[in-house]
Amino acid sequence: MKLEPEVLADVAQKATQSSSRALSVLVGEEVTVKTTQASYLSLDSLADLVTSQEGMNIVAFSQLISGIKGAALLIMGHEDSLHLVDALLQKPLGTTKVLGDMEKSAIKETLNILSNSQITSLTKNLGVTINVMPPNLITQEHVASVLDYLAAQQGEEAKVVAFETSLITTGQTCQVTMFLVFDAELANIIAQQEQA
Amino acid sequence: MKILIADDSEFMRVLLKKIVQSAWPDAEISEAATGQQAIDSYGANRPDIILMDIMMPEKTGLEALKEIGSEVPVIIISAADQDNMIEEARSLGARDFIAKPFEQTKVIESIQTALGGAQASTDSHE
């Protein structure tokens with residue numbers, strides 16, 4: 001199966017726009033897509049990509065189930081997480097000092113909404129089924145466990161499709177990076193639709 | 001007006017509660033964090049309307065909707081706005097489907113429509 005990088009990039013681009021709109025509604029200000037990247041890569045390469053996010057120590061994680069399986073990760077720095085919570089709870093910037101239950105709930109719901117916005121775009125464009133399980137907050141050290149989970153689910157040698165999206169608010173007070181990781185079935189579907 | 005807000009996200013329950021209270025300050029609001037809690041709360045409190053998430057622990061919002069039936073208006077509010085879910089929700093009797101994230105006015109308008117035009121703020125329903 002051959003998957004052209006530009007075809008994958010085009011699919012990712014359409015999905016990315018929906019997540020920037022979703023975050024904009026959530027925080028009540030314009031949000032810019034800082035970077036977007038789509039890759040078809042090994043789990044080892046994915047591990048390098050995810051763990052290269054230095055200082056991004058707040059991580060929310062969801063399992064993707066149903067037709068296409070995988071995982072969603074929302075990664076941000078501690079300061080960014082506090083600013084994000086301020087915006088979500090409509091509080092002045094700098095109000096939130098610690099992440100209590102409510103603040104953690106707000107971050108988890110952000111992943112739920114952003115991942116679903118991209119996935120809805122994918123399901124409509126590709127006719128696939130993907131459900132997002134309720135998110136959990138994990139530490140950066142536990143990202144390795146997520147990658148182990150993907151390896152157990154799909155096999156050590158498996159390749160995956162990964163969409164990486166970095167979003168930043170116009171005031172530049174908050175930047176988040178989301179990884180959506182899908183099993184190789186998504187690559188097959190995209191390649192087949194391109195050939196059709 | 002009695003309203004049940006069912007969502008596993010504490011943040012989302014607080015947000016929806018604020019929206020409802022801004023439009024209907026006298027509303028009696030109960031909360032549920034799982035589909036089963038929503039069913040139990042419906043039996044105990046008999047709300048006039050339910051705002052229901054889909055992806056919740058124990059039972060999903062759609063499973064809860066199936067058990068609760070269409071006697072009470074249910075508005076589904078979910079990030080999972082895939083066509084198959086919207087169709088299933090409607091087939092189970094959901095009055096409306098609101099995709100997260102939402103504008104405050106959308107939620108208020110949907111509640112008003114589901115309750116047959118219940119006026120917000122100055123004419124809250126008891």
Side-chain angles (χ1 to χ4, degrees), chain A residues 18-29 31 60 62-68 72 84-91 96 99-137, chain B residues 5-23 31-38 51-64 76-90 97-110:
Chain A
S18 60
S19 61
S20 81
R21 280 194 298 274
L23 185 59
S24 178
V25 172
L26 272 175
V27 300
E29 68 174 292
V31 169
S62 286
Q63 291 178 57
L64 307 182
I65 58 168
S66 298
I68 306 285
L84 174 65
V85 169
D86 282 338
L88 292 169
L89 299 176
Q90 297 165 4
K91 293 177 177 174
T96 303
L99 296 178
D101 288 346
M102 168 62 71
E103 290 77 15
K104 288 175 184 171
S105 170
I107 291 170
K108 288 189 284 186
E109 189 62 14
T110 302
L111 171 61
N112 184 39
I113 290 172
L114 296 189
S115 58
N116 269 292
S117 68
Q118 286 207 13
I119 284 166
T120 298
S121 169
L122 281 178
T123 58
K124 286 182 177 166
N125 288 327
L126 301 174
V128 295
T129 304
I130 306 168
N131 289 333
V132 183
M133 294 299 285
N136 288 298
L137 273 192
Chain B
I5 296 172
D7 197 306
D8 62 325
S9 166
E10 182 185 5
F11 162 69
M12 195 49 67
R13 292 199 304 274
V14 168
L15 187 65
L16 287 169
K17 203 170 168 180
K18 277 185 187 170
I19 291 171
V20 169
Q21 285 173 332
S22 72
E31 297 179 36
T34 70
Q36 185 58 53
Q37 283 180 16
L51 305 182
M52 182 99 79
D53 185 21
I54 292 182
M55 297 305 282
M56 291 191 286
E58 291 183 19
K59 283 183 177 169
T60 68
L62 295 181
E63 288 168 334
I76 298 290
I77 301 183
S78 175
D81 64 336
Q82 297 170 37
D83 290 345
N84 59 331
M85 292 209 181
I86 297 173
E87 282 167 24
E88 189 176 354
R90 291 209 186 278
F97 191 107
I98 299 175
K100 296 176 184 173
F102 45 74
E103 301 287 351
Q104 176 166 329
T105 50
K106 171 69 182 158
V107 176
I108 293 170
E109 284 169 8
S110 181

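Proteins get letters first, then strands, A, B, ... in listed order; numbering begins at 1 in each.
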Taking atom types as modelled, find out whether S19(A) and S117(A) have a side-chain donor-acceptor pair closer than 3.5 angstrom.
no
Show the atom names and distances, to 0.1 Å, of all donor-acceptor pairs under 3.5 Å that link a side chain in residues 106-115 of chain A to residues at least two apart or in another chain.
residue, atom, partner, partner atom, Å
E109(A), OE2, N112(A), ND2, 3.4
E109(A), OE2, K100(B), NZ, 2.9
T110(A), OG1, A106(A), O, 2.8
N112(A), OD1, N116(A), ND2, 3.0
S115(A), OG, L111(A), O, 2.6
S115(A), OG, N112(A), O, 3.2

Tell me every residue that passes side chain to side chain contact (heavy atoms under 4.5 Å, CB included) with K91(A), counting only those two or more places apart in sequence or in another chain.
D86(A), L89(A), T95(A), T96(A), E103(A)
Test item: M133(A) and I65(A) side chains (from C-beta on) under 4.5 Å apart, heavy atoms:
yes
To the nearest 0.5 Å, what is the distance between CG on L62(B) and CG on D53(B)?
9.5 Å
Does A33(B) have any side chain to side chain contact (heavy atoms under 4.5 Å, CB included) partners at least two apart in sequence or in another chain, and if so, which?
R13(B), Q37(B)
So which residues of residues 20-28 of chain A are in contact with chain B at a heavy-atom cut-off of under 4.5 Å?
A22(A), V25(A), L26(A)
